Structures are given as C-alpha cells and as structure tokens.
Amino acid sequence: MESLLSVQSRAPFTSPKEMSFEYFKYKGVNFSHGSYTSEALSFAENFFEVLDDDVYIVTYPKSGTNWMIEILSLLRTKGDPTWCNSLPIWLRSPWYETIEGQSQIKDVASPWVLTSHLPIHIFAKSFFTSKAKIIYVMRNPKDILVSLFYFSKMVCLYKDPKTFPEFFENFLQGNVLYSSWFDHVKGWMQIKDNSNFFFITYEELHGDLRNSVIKICDFLEKNLDDSQIDLVVKHSSFNAMKENKMSNYTLIPQDFMDQTKGSFLRKGVTGDWKNHFTVAQNEYFDEVYAEKMKDLFMEQF
Ligand code: PPS
C-alpha cells in the first residue's frame with residue numbers, strides 16, 4: 001500500500017504556488033498552467049502512441065468522467081471492489097494530456113483505460129488509425145454549468161468563478177477550462193457512428209445504471225454474469241463512491257482541492273440546474289443552445 005505522501009506527491013494537480021490563474025490557449029482551447037503545458041499537450045496530440053486495445057474515457061469536465069472510471073475499473077475486476085478501494089481513481093485511469101497523467105501512465109495496468117477531456121481536434125492523432133475504443137460521456141450542459149461552478153470554487157486548477165451570473169456567461173462564451181461545451185460535443189459527434197466510439201449520457205447512467213453497464217460490457221466485449229454486473233452497479237453508486245476515499249478525492253491536499261468549500265461528489269443528481277437558473281437565464285441558455293447545436297439534431301435539454 002502506498003503511503004499517503006507518495007499518493008499526494010502524485011496528486012493530479014500541480015501546486016497552486018506554481019500556477020498563474022490566467023489560462024493559456026493551445027489550438028484555441030483554454031488550459032491552466034501547472035497541470036498543462038504546450039509541450040505536454042503537443043505530446044498528447046502528436047506523439048502519444050495509442051495502442052489497439054486501449055480504451056479512452058472522453059468527456060467535457062463534470063460530465064460523469066470519474067463515474068465512468070469507477071465503472072470500467074469494476075468491469076476489469078468483474079465487480080470486485082478491492083482495486084477501487086486500494087488505488088486512487090486518478091492512478092487507475094490517468095488524464096493522458098496532463099503533466100501528472102503522462103508520468104503516471106507507466107504504472108497503469110495494461111490494457112490501458114485512460115481518461116481525457118480533450119476536444120477532438122487535439123486528441124491523439126494515432127487514435128484515428130488505431131482500433132482503440134472511446135467511451136464518450138455527455139451530460140446536460142445546464143447541470144455541468146452548476147457542477148463546474150461549485151467545483152471551480154474548491155479547486156486550484158480552475159479560475160475563481162466569482163458570482164453565478166458571471167460564471168453563467170463565461171460558461172456560455174467558453175471562457176472556462178477546456179473552453180466551449182458546445183464545441184466539445186459537436187467535435188466528438190462527428191465520429192459518433194464509428195464502431196469504436198460509444199456514446200452515453202450521464203442521464204442514461206443515472207436513469208438505468210444496470211442496463212448502461214450491460215451496454216458498456218457489450219461495447220467492450222466483456223462477459224460478466226448477472227451477479228458480477230450487480231456488483232459493478234453496487235460499487236459504482238454515488239454513495240459507494242462517496243464513501244470510498246480512493247474515489248472521492250479527499251486524499252487530495254487542501255491546497256489543491258479545498259474540501260471545506262464543497263465535495264467532489266457533490267449531489268450526483270440530474271436537473272439541479274432548476275435550483276439555480278432564473279427563468280430568464282434558462283430562456284437565454286436555450287436560445288444559445290438552439291443556435292449553437294442547430295446542425296446536430298440533438299435533443300434539447
Ligand atoms: S471532473 O472533475 O471533470 O473529472 O468531474 P466528473 O467526474 O466528470 O463529474 C463530476 C460530477 O459527476 C458526479 N458523479 C456521480 N453522479 C452520480 N453517481 C455517481 N456514482 C457519480 N460519480 C460522480 C459528481 O457528483 C459530479 O456532479 P455534481 O452535479 O457536481 O454532483
């Protein structure tokens with residue numbers, strides 16, 4: 001078992017003291033100093049070698065990324081939670097575009113399940129000529145906005161969101177880490193019909209986790225029996241993850257993630273935006289959504 005110190009020294013964020021709070025752009029997308037550099041991003045885009053049996057969890061932030069990591073970790077062990085309970089979630093499936101992730105990958109069990117928030121135009125070029133698979137998780141952007149607002153208050157990697165109305169505007173304008181939700185989704189939807197691309201929503205996971213797990217098993221060609229599926233569902237529930245210190249981010253030092261300001265596993269519900277948006281904000285959001293997503297024929301949230 002690793003000591004807490006060594007776990008912390010490989011925590012997914014770089015010390016806030018080393019960070020400037022202005023984002024920098026790489027190929028038009030916002031990144032923060034500390035966990036990202038142009039060199040690390042260029043390596044991720046141009047030189048990272050994707051292997052045919054790799055699986056990538058790709059999401060815009062706050063879409064259910066860690067939920068999917070937990071599900072895939074449990075699929076690997078056929079529902080046995082020992083691995084999830086003994087290794088921090090970010091070491092089970094590192095973010096391959098971050099400085100920390102790139103140094104953690106060498107310790108990841110093979111075949112790799114890696115994580116990324118990258119938009120498609122920056123994603124590893126070698127993926128597109130490989131047989132590797134992507135699981136793309138999308139979430140109602142209104143709920144992402146709310147989740148990101150609270151998360152930004154507690155995490156040094158993100159700019160201070162200031163007030164909700166200010167953050168609301170910044171989110172719609174793409175003035176946030178990883179830039180525009182709309183561009184992220186529109187970009188990745190270009191390959192939605194590829195056989196190595198699996199699309200699922202947070203809302204679907206939330207509505208029927210068991211059936212979602214079965215679909216994921218089919219996509220990954222994993223054979224689990226009914227009782228093993230039940231274990232995956234049980235151990236990837238919101239409450240199970242919230243209880244698991246390897247998955248709830250409480251191992252992250254206070255400097256990086258201030259747990260007095262909130263929890264990583266905050267609410268885990270759908271529709272929390274209704275408790276935060278005014279009627280006018282909701283109408284404005286819907287207008288922007290309709291305009292930006294008009295070519296995609298995607299259901300309006
Ligand atoms: S991050 O920081 O971008 O990697 O965040 P991400 O993991 O994508 O999203 C965090 C939100 O997902 C919720 N979550 C869950 N909901 C339901 N069930 C489970 N098991 C689960 N695990 C994570 C988490 O609570 C965050 O959403 P909010 O709305 O803030 O609660």
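As the structure lists them, so they are numbered: ligands from 1, and atoms in each ligand from 1. These numbers come from a predicted model, not from an experiment. Residues take their numbers from the sequence shown, with the count starting at 1.
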I'd like to check whether [X] has a polar contact with ligand 1, where a contact means an N/O of the residue lying under 3.5 Å from an N/O of the ligand.
| X | result |
| --- | --- |
| Ser63 | yes |
| Thr59 | no |
| Asp143 | no |
| Tyr202 | yes |
| Ser147 | yes |

Is there a donor-acceptor contact under 3.5 Å linking the side chains of [X] and [Y]?
| X | Y | result |
| --- | --- | --- |
| Thr163 | Glu166 | yes |
| Asn244 | Ser247 | yes |
| Thr250 | Gln259 | no |

Run the contact test for [X] against ligand 1 with a 4.0 Å cut-off on heavy atoms, strictly below, and give the result.
| X | answer |
| --- | --- |
| His117 | yes |
| Tyr178 | no |
| Tyr150 | no |
| Leu265 | yes |

Candidates His206, Glu70, Arg139; heavy atom nearest atom 27 (O) of ligand 1 found on Arg139

Interfacing atoms of ligand 1 (cut-off 4.0 Å, heavy-atom, [X]):
| X | value |
| --- | --- |
| Ser236 | 20 (N) |
| Ser237 | 20 (N) |
| Asn66 | 1 (S), 4 (O), 5 (O), 6 (P), 7 (O) |
| Thr65 | 3 (O), 4 (O), 6 (P), 7 (O), 8 (O) |

Hey, is [X] touching ligand 1 through its side chain, its backbone, both or neither, going by heavy atoms under 4.0 Å?
| X | result |
| --- | --- |
| Pro61 | both |
| Met241 | side chain |
| Phe151 | side chain |
| Ala240 | neither |
| Trp95 | side chain |

Any ion pair linking Lys215 and Asp218 (charged N to carboxylate O, less than 4.0 Å)?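 Looking at Lys215 together with Asp218, the answer is no, because their closest N to O distance does not fall below 4.0 Å.
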
| field | Asp230 bridged to Arg210 by N-O distance under 4.0 Å | value | yes

Begin from the C-alpha positions of Tyr284 and Glu169 and carry the test side chain to side chain donor-acceptor pair (under 3.5 Å) through to its verdict.
CA-CA 10 Å; Tyr284 176 42; Glu169 193 57 39; 3.2 Å; yes

Practice task
Could you go through the side-chain contact (heavy atoms from CB on, under 4.5 Å) check for Met138 and Val185 one step at a time?
Solution key: CA-CA 8 Å; Met138 190 182 86; Val185 171; 3.7 Å; yes

Mind listing the side-chain donor-acceptor pairs of residues 186-196 below 3.5 Å, one per line with the distance, residues two or more places apart or on another chain?
unit_1: Lys186; atom_1: NZ; unit_2: Lys292; atom_2: O; d: 2.8
unit_1: Trp188; atom_1: NE1; unit_2: Leu118; atom_2: O; d: 3.0
unit_1: Asn196; atom_1: ND2; unit_2: Ala132; atom_2: O; d: 2.9

Quick check: do Val176 and Tyr60 have side-chain heavy atoms less than 4.5 Å from each other?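 Yes - at least one pair of side-chain heavy atoms lies under 4.5 Å apart.
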
Quick check: do Asp54 and Ser130 have side-chain heavy atoms less than 4.5 Å from each other?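 No. Closest side-chain heavy atoms not under 4.5 Å.
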
The protein heavy atom nearest to atom 9 (O) of ligand 1 is Lys62 CA, 3.3 Å

